[in-house]
Structures are given as C-alpha cells and as structure tokens.
Enquirer: 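Sending over a structure as structure tokens; questions will come in a sec.
Just so it is clear, the values below take in all heavy atoms, side chains as well, and ignore hydrogens, waters and symmetry mates.
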Amino acid sequence: MFCLLSSAGSAPRVQAPSRSLLAAYDYEERLCNPPAPLLFQWGRAGGPSRMTGEFIRRVLAEVLACIGHTDAAGLPL
C-alpha cells in the first residue's frame, strides 16, 4: 500500500504510489461518482479497488487496540 523510504541521516517518510482513477459509489448521496484518484485504495484481484469506510474504521480500531491507545479516563478508544 505505502512504501517506506529512508535515506542516510534522515527520518523515514511514507510515500504513496501513484493512484489509479476509480469510480466509487457514495452511500450517503446514493450515486456513483465519476472516476477520481481516491485516497484510500489498494491492489486487489489484479486491479485497484477502493477501501470502504467500514474497512478503514475497522482497521483503525484494530490498530488503536493493538497499541493500547486510551482516552483520558484510561478506557480504550
């Protein structure tokens, strides 16, 4: 998905590969948007595919649980 680049004497940085144009269905507006370079996409089944909001929320929740990030009361986010 992303490439981690580093050079001698500098901190690593993340560089996104070039993105393809994808048509995506907008579930809030209930219409199909024209092809655009979507920010969250991945290679799947031999071609680019968009990541759904549900998938992104699930992955973020898993990452927060894994690193033990908590709110001010000490409860998991």
Side-chain angles (χ1 to χ4, degrees):
M1 179 180 351
F2 290 97
C3 302
L4 187 62
L5 301 177
S6 65
S7 58
S10 66
R13 59 190 169 90
V14 176
Q15 180 183 21
S18 61
R19 293 189 270 293
S20 302
L21 299 178
L22 295 175
Y25 184 76
D26 186 336
Y27 291 96
E28 298 296 324
E29 297 291 331
R30 296 186 178 147
L31 56 89
C32 193
N33 292 321
L38 299 178
L39 179 59
F40 298 107
Q41 58 177 273
W42 59 348
R44 188 172 113 184
S49 178
R50 74 181 197 90
M51 293 182 186
T52 63
E54 178 184 342
F55 174 79
I56 294 168
R57 283 188 293 276
R58 188 178 72 230
V59 169
L60 287 175
E62 289 176 11
V63 169
L64 289 173
C66 181
I67 64 173
H69 196 67
T70 59
D71 62 8
L75 300 171
L77 293 175

Enquirer: Can you list, pair by pair, the side-chain donor-acceptor contacts under 3.5 Å of residues 28-39, counting residues two or more places apart and other chains?
Expert:
none

Enquirer: Under 3.5 Å, which donor-acceptor pairs link side chains of residues 63-77 to any protein atom two or more places apart or in another chain?
Expert:
{"unit_1": "Asp71", "atom_1": "OD1", "unit_2": "Ala73", "atom_2": "N", "d": "3.1"}
{"unit_1": "Asp71", "atom_1": "OD1", "unit_2": "Gly74", "atom_2": "N", "d": "3.1"}
{"unit_1": "Asp71", "atom_1": "OD1", "unit_2": "Leu75", "atom_2": "N", "d": "2.8"}

Enquirer: How does the hydrophobic cluster around Tyr27 look, that is, which other residues are in it when side-chain heavy atoms under 4.5 Å mark a link?
Expert: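 For the cluster that includes Tyr27, the remaining residues are Tyr25.
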
Enquirer: Check side chain to side chain contact (heavy atoms under 4.5 Å, CB included) between Glu54 and all other residues, then give those that pass, not counting sequence neighbours.
Expert: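 For Glu54 the side chain to side chain contact (heavy atoms under 4.5 Å, CB included) partners, ignoring immediate neighbours, are Thr52, Arg57.
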
